Amino acid sequence: MKQVILFKRLRLFMKNLYSYNASFKKIITFYTIITIIVIIGLSTSFQTMIYTRSKNNIQSQNNVINNAIIELVNQKYFQAHNAVKTLYANANYQETIITFLDIGMDEFLLYSLDQFYKTNLSPMKLMGVYFENIVNADPSIQSISLYSNNEFIYTYERANSFFYRQGTEKAVIYSKIINELNLSGNYSFQPHVKKEDGDYTFDIIIRIQDSSTLVNKGYLIFTHNLDSEIDTILQSGANDHYGDFILAHNNGTVLYDSSNRSFSASSIKEVIATSDASVIESSNFDHHFFVTPIGSTDLALINFTPTTLVYKLMRPTSLIIIVSAILSIALIVFLTFTYSRSYSYRLKTITDAIDKIKTGDFTSRIQLDSRQDELGSIAQNFNDMCHEIENYIDKVYVLQLKQKAAELEALQAQINPHFLYNTLENIRMRAAINNDMDVSKMIYILATFFRKSLNYDTIITIEEEISHSRLYLQLFQIQYMDKLHVDIDIDPAVLSYSIIKLSIQPIVENYIVHGINLNRNDNKINIKGFIRDEEIWITISDNGCGIDQQTLESIRSTLDHSIDAKSIGLINVHERLQIQYGNAYGLSIESALEVGTTVTLRLPCQKRLI
């Protein structure tokens with residue numbers, strides 16, 4: 001019954017939610033979705049962190065058990081290694097074992113009787129004493145075996161000893177094992193399959209050599225069962241570990257399994273082989289495996305923990321996070337709904353007033369409330385704008401339109417390009433008739449210069465800008481006779497690229513106005529253009545008066561800080577280049593007093609759009 005009532009209330013809420021205007025729907029939907037996504041993302045992140053922390057805590061507690069088991073396995077190797085060292089250290093032991101491996105059981109028995117007769121010391125008994133001492137020192141040793149290169153085996157157990165001749169089942173098994181072994185140094189761990197009584201065993205196989213000739217005589221095999229010792233370790237730490245432990249060979253053979261789940265050799269091998277790292281973690285369905293290789297042996301210790309156990313440990317914290325996330329989503333949706341409803345109503349009031357303005361009703365006003373927020377500011381500015389528009393239309397607008405039209409007509413009449421061109425052409429023709437060719441040429445150049453200057457295009461080609469600057473310089477070459485020399489060297493590949501109109505000519509004009517020295521006859525200005533690093537570089541250099549250091553620093557500071565300038569000189573050119581192409585481009589200036597000035601323009605390689 002409660003679920004039915006809750007569903008009806010939710011349906012009524014959604015119906016009311018979408019009964020408002022489109023703006024409100026967009027606002028509430030957008031903020032709700034963003035909020036839910038953020039909260040879900042944070043919740044998921046926290047869940048992952050908690051899961052990882054719980055898993056790490058479990059493994060941290062299990063590390064004590066891991067270290068104890070690894071230490072146990074390493075201890076078995078060192079005991080076997082020490083047993084072999086004892087063999088080599090005792091000449092009687094060494095002679096007895098090597099003789100046995102060389103001649104076999106039948107001849108060794110005769111040899112033992114002969115030695116007993118001669119020295120009152122039985123090699124057979126001596127070999128038994130050697131094996132008995134090793135077995136008594138370590139209860140996990142089930143047996144010790146001698147394997148001869150002649151492929152027979154002698155096995156010593158705690159109460160019995162057995163001899164297996166060449167060709168017997170056990171001799172064949174060990175012959176195959178040893179032939180397949182790739183012994184690292186003088187030892188190797190070799191697992192046995194599970195026995196019928198349910199115990200797991202593994203062998204430590206160590207090569208036996210004649211210490212004088214270093215010839216391989218056979219192998220000493222220590223067969224261990226670690227079940228009871230590992231069980232003791234786990235029971236002593238029963239309250240400090242989670243999950244189960246598996247001791248396995250790299251080929252997947254299990255030597256100890258506290259869970260008795262009988263994992264397949266292929267699955268164990270796959271887990272061990274997942275990485276070469278010293279500690280490997282992998283997820284396999286409902287378990288987490290932590291694999292620790294044991295030293296330089298072929299064994300690895302696997303601790304596997306059910307994922308259900310991890311989830312169980314993190315469940316209380318997870319519930320708190322989930323409940324907090326749900327409550328946060330509900331609260332934010334409610335607050336967003338409440339605020340958006342009020343916001344939408346006020347926004348609709350503003351849009352209604354704007355619709356009235358569209359119809360030409362400038363008397364429309366928005367009722368203001370006490371809230372000083374963005375919508376309140378918009379409403380106040382809207383009312384002020386409507387009031388100003390009314391006054392502007394009534395008193396100023398019509399009058400200004402008439403005034404502007406009259407001024408435009410007067411300006412067009414005063415600066416009529418055709419009138420200017422025709423007048424200069426008439427003056428030029430009269431000068432030519434009077435044989436004043438210099439004046440005629442100057443007027444022609446000036447007319448062409450003005451015609452290009454009055455061109456309405458803002459972006460022109462570099463070729464056009466160079467042509468415009470060349471005309472300007474030709475006027476002064478005629479005026480100053482042989483006192484001004486001009487050298488223009490522009491890479492043809494540059495000419496077709498675009499440039500802002502009046503970018504080069506103002507710099508040339510700067511030199512004519514401020515840099516030229518008419519008391520000398522070697523005044524020279526060079527204009528070069530080329531492409532460098534996929535950019536266009538244009539340099540204008542002269543041998544004029546130069547600029548003193550203080551003035552030069554002032555100009556550079558003005559260029560760097562983009563200080564507004566009304567002139568059409570360096571600063572104006574620099575600002576226009578940066579506005580058009582970006583702050584990475586513009587001009588730079590180098591100068592030395594009485595040496596000259598060099599201005600460099602850097603532009604992008606852009607073609608003019610037709």
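This one's a predicted model, so the numbers in the text were calculated from it and none came from an experiment.
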I need the Lys528 NZ to Thr600 OG1 distance, nearest 0.5 Å.
11.0 Å
Are Ser541 and Ile525 close enough, and set up right, to give a side-chain contact (heavy atoms from CB on, under 4.5 Å), and what steps lead you there?
CA-CA 6 Å; Ser541 58; Ile525 182 168; over 6 Å; no
Between Asn523 (side chain only) and Lys483 (backbone N and O only), is there a donor and an acceptor less than 3.5 Å apart?
yes
Apply the test side-chain contact (heavy atoms from CB on, under 4.5 Å) to residues Val599 and Leu570: give CA-CA distance (whole Å), side-chain angles for both, the deciding distance (0.1 Å), then the verdict.
CA-CA 9 Å; Val599 178; Leu570 297 177; 4.2 Å; yes
Side chains of Val486 and Ile488, heavy atoms from C-beta outward: is any pair under 4.5 Å?
yes
Should the pair Arg556-Glu590 be classified as a salt bridge under the 4.0 Å nitrogen-to-oxygen rule?
yes
For Asp491, side chain to side chain contact (heavy atoms under 4.5 Å, CB included) partners two or more places apart:
Ala493, Val494
For Ile499 and Ile459, run side-chain contact (heavy atoms from CB on, under 4.5 Å): C-alpha distance rounded to whole Å, both residues' side-chain angles, the deciding distance at 0.1 Å, then the answer.
CA-CA 6 Å; Ile499 190 173; Ile459 304 297; over 6 Å; no
How far apart are the closest heavy atoms of Leu502 and Val573, and which atoms are they?
O-CG2, 3.9 Å
Under 3.5 Å donor-acceptor, Asn543 side chain and Lys524 backbone
yes
Tightest non-hydrogen contact, residues Thr461 and Ser496, listed as CG2-O, 4.2 Å
Looking at side-chain heavy atoms only, is the closest gap between Asn526 and Thr539 below 4.5 Å?
no
Report all side-chain donor-acceptor pairs from residues 529-538 shorter than 3.5 Å, counting only partners two or more places apart or in another chain.
from   : atom 1 : to     : atom 2 : distance (Å)
Glu535 : OE1    : Arg602 : NE     : 3.1
Glu535 : OE1    : Arg602 : NH2    : 3.0
Glu535 : OE2    : Arg602 : NH2    : 3.1

Heavy-atom side-chain contact between Leu301 and Val291 under 4.5 Å:
no
When you compare the side chain of Ile490 with that of Leu495, does any pair of heavy atoms fall below 4.5 Å?
yes
Mind checking ring pair (Phe, Tyr, Trp, His ring centres under 6.0 Å) for Tyr581 and listing every partner two or more places apart, or none if nothing turns up?
none
Spell out, as yes or no, whether a donor-acceptor pair under 3.5 Å connects the side chain of His514 to the backbone of Gly546.
no
Show, in sequence, the C-alpha distance, side-chain angles and deciding distance for Ile547 and Ile589, and conclude whether the side-chain contact (heavy atoms from CB on, under 4.5 Å) test is met.
CA-CA 10 Å; Ile547 305 172; Ile589 181 170; 3.8 Å; yes
Is there a donor-acceptor contact under 3.5 Å from the side chain of Ser469 to the main chain of Glu465?
yes
With distance as the sole test, does Arg576 use its side chain to make a donor-acceptor pair with the main-chain N or O of Lys501 at under 3.5 Å?
yes
Leu587 backbone acceptor or donor facing His574 side chain under 3.5 Å
yes
State, without any angle test, whether Ser498 and Lys607 hold a side-chain donor-acceptor pair at a distance under 3.5 Å.
no
Residues Ile516 and Cys545: closest non-hydrogen pair is O-SG, 4.4 Å
Say you draw a straight line from NE2 of His468 to CD of Glu463; how long is it, rounded to the nearest 0.5 Å?
15.0 Å
For the CD atom of Gln580 and the CD atom of Gln606, what is their distance to the nearest 0.5 Å?
7.0 Å
Criterion side-chain hydrogen bond (donor to acceptor under 3.5 Å, both in side chains) against Ser591, the qualifying member of Asp542, Thr597, Thr551, Asp548
Thr597
So, does Ser554 use its side chain to make a donor-acceptor pair with the main chain of Gln550 at under 3.5 Å?
no
By side chain to side chain contact (heavy atoms under 4.5 Å, CB included), Thr44 pairs with (sequence neighbours left out) Ile40, Thr48
Set of residues satisfying ring pair (Phe, Tyr, Trp, His ring centres under 6.0 Å) with respect to Tyr497, sequence neighbours excluded
none
Side chains of Ile540 and Tyr511: closer than 4.5 Å at any heavy-atom pair?
no
Going by the rule salt bridge (charged side-chain N to carboxylate O under 4.0 Å, His left out), which residues pair with Asp522 if we only count those two or more places apart in sequence or in a different chain?
Arg520
If you look at every heavy atom in Gln578 and Asn583, which pair is closest and at what distance?
NE2-O, 3.3 Å
Hey, what do you get for CG (Leu473) to CG (Asp487), rounding to the nearest 0.5 Å?
11.5 Å
Taking side chain as C-beta onward, heavy atoms only, is Ile527 less than 4.5 Å from Asp489?
no
